[in-house]
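Just so it is clear, the structure is predicted and the values come from calculations on it, not from any experiment. All heavy atoms count here, side chains included; hydrogens, waters and symmetry mates do not.
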Amino acid sequence: MNTEGVYCGICGGARECMFKLYDDRYGYPGTFSLFRCQSCGHKNIHSSVSPEKIKEMYSKYYPRATFHVDDHKPYREIEGFTSWFDGMKSGPFRWVPDNVRVLDIGCGFGESLGYYASRGCEAYGVEVDANIKRVADAFGYNVKVGLFSSDAYQEDFFDYVTMAQVIEHVTDPIATLKGIARILKPGGAVVLSMPNSNGWGAKIFRRMWINWHIPYHIQHFSFKSIRIAAERSSLILDKAQTITSSHWLYYQWLHIVNYPSESQPSAFWSPKIAPTFWQKIVMKFLSYVHMTKINHTITRVFDFFGMGDNLLVVLKKPQVSEKVC
């Protein structure tokens, strides 16, 4: 690996090129170089995609355009052993209490907004994929369509902000976190989930790891780089651990079985492509394996050792008397 004369946007350290990747889900054309910071372990790709192009990518290539409003099902409250074994606490919305004012950045198809509303929260959403408008209109959700901008909200306005698998999509995470800090009340928190590229999955599956998700995932945080990003944004790192959905490993196997050529959509991820006969046979077999709960067991073990595929992070805005160290 050759050291590049480019510096990390998180800590300023020197970076090296790991390898080139392409969109192995929806077939967006082109290859992208993945860089790793030698100091903080942060990984990212170069992206010169304009905000207008980003909106087009999500609306055109993501499969939500095929979703019907009737497919909208708000998340439900769950507790107990099954919740833990399934890794359901991996979602940031699970960490938000009742009766608070909350903003979900990247609210997808609005499932979290329905969950918040059912628990007495004053819920707001922002989503770059214009397909959310159909759901917002049907269910009366307060959603802004477009990229997140803190200028759209009052200062010290929200008790909580959530970003479920979103921070990895932004071109400037420091600016985003600073904007969030501005609109959080003192003592408020932002709860984030993001892929863990320093976990076991990326080490084992390499280029075929499910969560590179190029070119939609631009940033890949380490424990160290998210702490530095928090400090630079005047936020305090309160919690950082790996909690991973047990279904992710099942999806990883399906991802490998349907791994496409460059610029081609995957039969697993894209509704535009039908799997071959043999792919269907293997996927059916993998579904039976998944029912044995072996994927659940493997996932829980790696999460226990902090090597899971998903990082769950809580950052807090200091009270007036507190300072970020």
Is it the case that the side chains of [Y] and [X] hold a donor-acceptor pair, with the cut-off being a distance below 3.5 Å and no angle test?
X: T162; Y: Y116; answer: yes
X: H220; Y: W212; answer: no
X: K20; Y: T31; answer: no

Which value, rounded to the nearest 0.5 Å, describes the distance between [X] atom [atom1] and [Y] atom [atom2]?
X: Q165; Y: N211; atom1: CD; atom2: CG; answer: 6.5 Å
X: I243; Y: R300; atom1: CD1; atom2: CZ; answer: 8.5 Å
X: C121; Y: L103; atom1: SG; atom2: CG; answer: 12.5 Å
X: H169; Y: I105; atom1: NE2; atom2: CD1; answer: 13.0 Å
X: F302; Y: M307; atom1: CZ; atom2: CE; answer: 7.0 Å
X: L21; Y: I214; atom1: CG; atom2: CD1; answer: 5.0 Å

Could you list the donor-acceptor pairs under 3.5 angstrom formed by side chains in residues 84-96, with sequence neighbours left out?
{"residue": "D86", "atom": "OD1", "partner": "H296", "partner atom": "NE2", "Å": "3.2"}
{"residue": "S90", "atom": "OG", "partner": "G87", "partner atom": "O", "Å": "2.9"}
{"residue": "R94", "atom": "NH1", "partner": "R76", "partner atom": "O", "Å": "2.5"}
{"residue": "R94", "atom": "NH2", "partner": "R76", "partner atom": "O", "Å": "3.3"}
{"residue": "W95", "atom": "NE1", "partner": "K89", "partner atom": "O", "Å": "2.8"}

Would you say that [X] contacts [Y] through its side chain, given a criterion of any heavy-atom pair below 4.5 Å between the two side chains?
X: F19; Y: L34; value: yes
X: P260; Y: W269; value: no
X: Y216; Y: D23; value: yes
X: Y26; Y: H213; value: yes
X: V166; Y: F148; value: no
X: P173; Y: I10; value: yes
X: K239; Y: L312; value: yes

| field | Pair listing, side-chain hydrogen bond (donor to acceptor under 3.5 Å, both in side chains) test, anchored in residues 143-156, at least two apart | value |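 Those involving residues 143-156 are D156-K317.
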
Linking I/L/V/M/F/W/Y whenever their side-chain heavy atoms sit closer than 4.5 Å, directly or via other members, would [X] and [Y] fall into one cluster?
X: I281; Y: Y251; value: no
X: I273; Y: L254; value: no
X: L286; Y: I204; value: yes

Taking every non-hydrogen atom, the tightest pair across [X] and [Y]:
X: N258; Y: M283; result: ND2-SD, 3.2 Å
X: T244; Y: N310; result: OG1-N, 3.1 Å
X: K224; Y: S39; result: NZ-O, 3.2 Å
X: N198; Y: G41; result: ND2-O, 4.1 Å
X: G308; Y: T242; result: N-OG1, 3.4 Å
X: I228; Y: C40; result: CD1-CB, 3.9 Å

| message | Run the side-chain contact (heavy atoms from CB on, under 4.5 Å) test on W248 and H255 for me, step by step, so that the C-alpha distance in whole Å, both residues' side-chain angles and the decisive distance to 0.1 Å come before the verdict. | response | CA-CA 10 Å; W248 277 23; H255 178 68; over 6 Å; no

| message | With a 6.0 Å cut-off (strictly less than), is the heavy-atom count around CD of E77, excluding the residue itself, greater than 12? | response |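 Counting neighbours around CD of E77, more than 12 heavy atoms of other residues, nucleotides or ligands fall under 6.0 Å, so yes.
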
Do the side chain of [X] and the main chain of [Y] share a donor and acceptor less than 3.5 angstrom apart?
X: R101; Y: F157; answer: yes
X: Q219; Y: T171; answer: yes
X: T299; Y: N295; answer: yes
X: R232; Y: K178; answer: no
X: Q252; Y: M208; answer: yes
X: S270; Y: S266; answer: no
X: E127; Y: G108; answer: yes

| Criterion ring pair (Phe, Tyr, Trp, His ring centres under 6.0 Å) against H42, the qualifying member of Y7, F221, F35 |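 That would be F221.
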
| Would the F205 and Y259 ring centres measure less than 6.0 Å apart? |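 No.
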
| task | Establish, yes or no, whether a centroid distance under 6.0 Å links the rings of F268 and W253. | result |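 When the ring centroids of F268 and W253 are compared, they turn out to be at least 6.0 Å apart.
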
| query | Looking at T176, D104, V191, which one forms a side-chain contact (heavy atoms from CB on, under 4.5 Å) with M163? | reply | T176

| message | Applying side-chain contact (heavy atoms from CB on, under 4.5 Å) to D309 and W200, what does each step give before you reach the verdict? | response | CA-CA 7 Å; D309 269 356; W200 79 281; 4.3 Å; yes

| query | Can C11 and C37 be said to form a side-chain contact (heavy atoms from CB on, under 4.5 Å), step by step? | reply | CA-CA 8 Å; C11 76; C37 176; 3.4 Å; yes

| request: Show the numbers, then the answer: is there a side-chain contact (heavy atoms from CB on, under 4.5 Å) between S287 and Y250? | output: CA-CA 8 Å; S287 72; Y250 173 48; 3.4 Å; yes

